[in-house]
Amino acid sequence: MSNKKGLIALSPLLLFIVLYLVTSIVAGDFYKVPITVAFMLASIYAIAIAGGFPLVKRIQTYSQGASGENMMLMLWIFVLAGAFANSAKEMGSISATVNLTLAFLPSSMILAGLFLAACFISISIGTSVGTIVALTPIAAGMASSAGISLPLLTGIVVGGAFFGDNLSFISDTTVVATRTQGCKMSDKFRVNLFLVAPAAILLLAVYLFMGTDLHTTAQAYDINVIKVLPYLVVLVCAAFGMNVMAVLTTGILMAGIIGIADGTYDLYGWFESMGTGIVSMGELIIITMMAGGLLEIIRANGGIDFIISKLTAHINGKRGGELAIALLVSLVDICTANNTVAILTVGGISKQISDRYGIDNRKAASILDTFSCCMQGLIPYGAQLLMAAGLAKINPIEIVPYLYYPMTIGIFSLLAILFRYPRRYS
């Protein structure tokens, strides 16, 4: 593919970036240009320039990207998450959980404790989305009660969520990375641990240090353990690896039963609270679908193939091969907004690069997983940030500056490639 055709194929994504990020930065307000409008205009442009196909075929391609199997599963999770979050909130679960946390956890431990909780849950359930759904409402409540920055606490939850997404044995990214590179999960886990454990320990120390400046007002908190149960049940079920949709359904039922039993709302009030929560996810659902359609048009026009061909044209040695794998999966993740899909897309070419330049398959699998999680944790239009922002009711751009963990694992992993670390696998 020529450079001109490749750049044209990628131009819808560039248009979206200009429409949303650049214009918002110029205006000094990220609410000035609604992200839905930016995606809509970029989508119309993508369909218009998709050459070689009738208009009906182009629209069909877009629609397939917006309604694929993985996409629809994500949308159902959004619906259930909205119903659970709002019904639990109106029943009093958030305030009860926050009061319980602030009563027993020293203010200096709030940041570090939230990060550890996110890391533990995510590595147990193997999904960043499930962790974000479980912890973001609690983080939002803590921010309100303790006077802590909401984007900061949300960023801590998202960072911890990607810790498990990257390391867990049951994570989709782990399964795909190890299968495409032909290595054992346990071997990939050991290599990954060398890369991300130092980053996690460093951040834990940073959060402990940041927490020394936090001082919550000493007061007697109204503790109602019964109202904390929906979140406890969700966290325990998630930790034991229950399907995220089953976890959310269980949480919804628990919130309804407790809320009706204590008179917070009646049956119709519960239905209304769930409906309000589902409607609140409307913009998030629309954004997710349009992003899926836009990126499918880019893929069908050869945009992703163009990136891959350009990056693999000038590889030299093991270090160059590892850097190419890292850059490939990062760029494809930016284009697809899905770290599992990004690994699937470049997994085959990564294996070829590894075989040609003698790169350890375990190191290659680790690079694929770590860099895809790094980029997925930073793009404001990825499902994880959109979900976190939706639950916290803030703009995803506001969270980005506080995504310390994705940034740190990206830096540590890049240094590991440049300095041939760990030596045993390099």
Side-chain angles (χ1 to χ4, degrees), residues 77 79-107 109-110 113-118 120-122 124-125 130-148 150 153-154 156-157 160-161 216-278 280-281 387-388 390-393:
I77 292 173
V79 169
L80 291 173
F84 170 65
N86 201 61
S87 59
K89 176 184 176 182
E90 291 194 6
M91 186 268 288
S93 284
I94 293 178
S95 57
T97 303
V98 170
N99 286 345
L100 185 66
T101 303
L102 294 178
F104 292 102
L105 191 67
S107 56
M109 286 288 293
I110 288 178
L114 190 62
F115 180 66
L116 283 174
F120 172 74
I121 294 168
S122 60
S124 300
I125 65 177
T131 305
I132 289 167
V133 167
L135 286 181
T136 300
I138 297 174
M142 290 169 63
S144 176
S145 297
I148 306 172
L150 177 54
L153 291 187
T154 308
I156 290 173
V157 170
T216 56
T217 305
Q219 56 181 292
Y221 293 100
D222 181 21
I223 299 173
N224 188 333
V225 178
I226 298 297
K227 291 193 174 185
V228 179
L229 282 179
Y231 284 125
L232 290 178
V233 169
V234 164
L235 296 180
V236 170
C237 290
F240 277 94
M242 184 184 288
N243 180 277
V244 64
M245 295 182 72
V247 168
L248 290 172
T249 303
T250 303
I252 291 170
L253 292 173
M254 286 289 297
I257 291 169
I258 295 171
I260 293 172
D262 75 356
T264 303
Y265 42 54
D266 57 15
L267 180 64
Y268 297 106
W270 179 38
F271 289 166
E272 184 179 354
S273 69
M274 286 191 289
T276 302
I278 293 169
S280 71
M281 288 289 173
M387 170 67 82
L391 291 172
K393 292 181 171 53

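Computation of the quantities below employed the complete heavy-atom set of this structure, encompassing side-chain atoms and omitting hydrogens, waters and symmetry-equivalent molecules.
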For this session: Might you point out which heavy atoms bring A83 and I252 nearest each other, and give the distance in Å?
Result: CB-CD1, 3.8 Å
Problem set entry | Spacing of CG belonging to L135 relative to CG belonging to L391, to within rounding of 0.5 Å | 11.0 Å
Problem set entry | Test salt bridge (charged side-chain N to carboxylate O under 4.0 Å, His left out) applied to D262 - qualifying residues, sequence neighbours left out | K227
Exercise. So, for Y231 and P137, which heavy atoms are closest and what is the spacing to 0.1 Å?
Worked result: OH-CB, 3.3 Å
For this session: Output the distance between atom CG (L253) and atom CZ (F84), rounded to the nearest 0.5 Å.
Result: 11.0 Å
Exercise. Atom CE in M387, atom OG1 in T131: separation rounded to 0.5 Å?
Worked result: 11.5 Å
For this session: Give the minimum heavy-atom separation between M91 and I258, together with the two atoms involved.
Result: SD-CG2, 3.7 Å
Problem set entry | Rounded distance [0.5 Å steps], CD1 in I110 versus CE in M142 | 4.5 Å
Exercise. Could you state the interatomic distance from CG (L267) to CD1 (I260), rounded to the nearest 0.5 Å?
Worked result: 5.0 Å
Exercise. Are the side chain of S273 and the backbone N or O of W270 linked by a donor-acceptor pair below 3.5 Å?
Worked result: yes
Exercise. How long is the span from the OG atom in S93 to the CG atom in N224, to the nearest 0.5 Å?
Worked result: 9.0 Å
For this session: Output every pair passing side-chain hydrogen bond (donor to acceptor under 3.5 Å, both in side chains) with a member in residues 80-91, not counting sequence neighbours, ordered by first then second residue.
Result: N86-E90
Problem set entry | Closest non-hydrogen atom pair, A139 against L150 | O-CD1, 4.4 Å
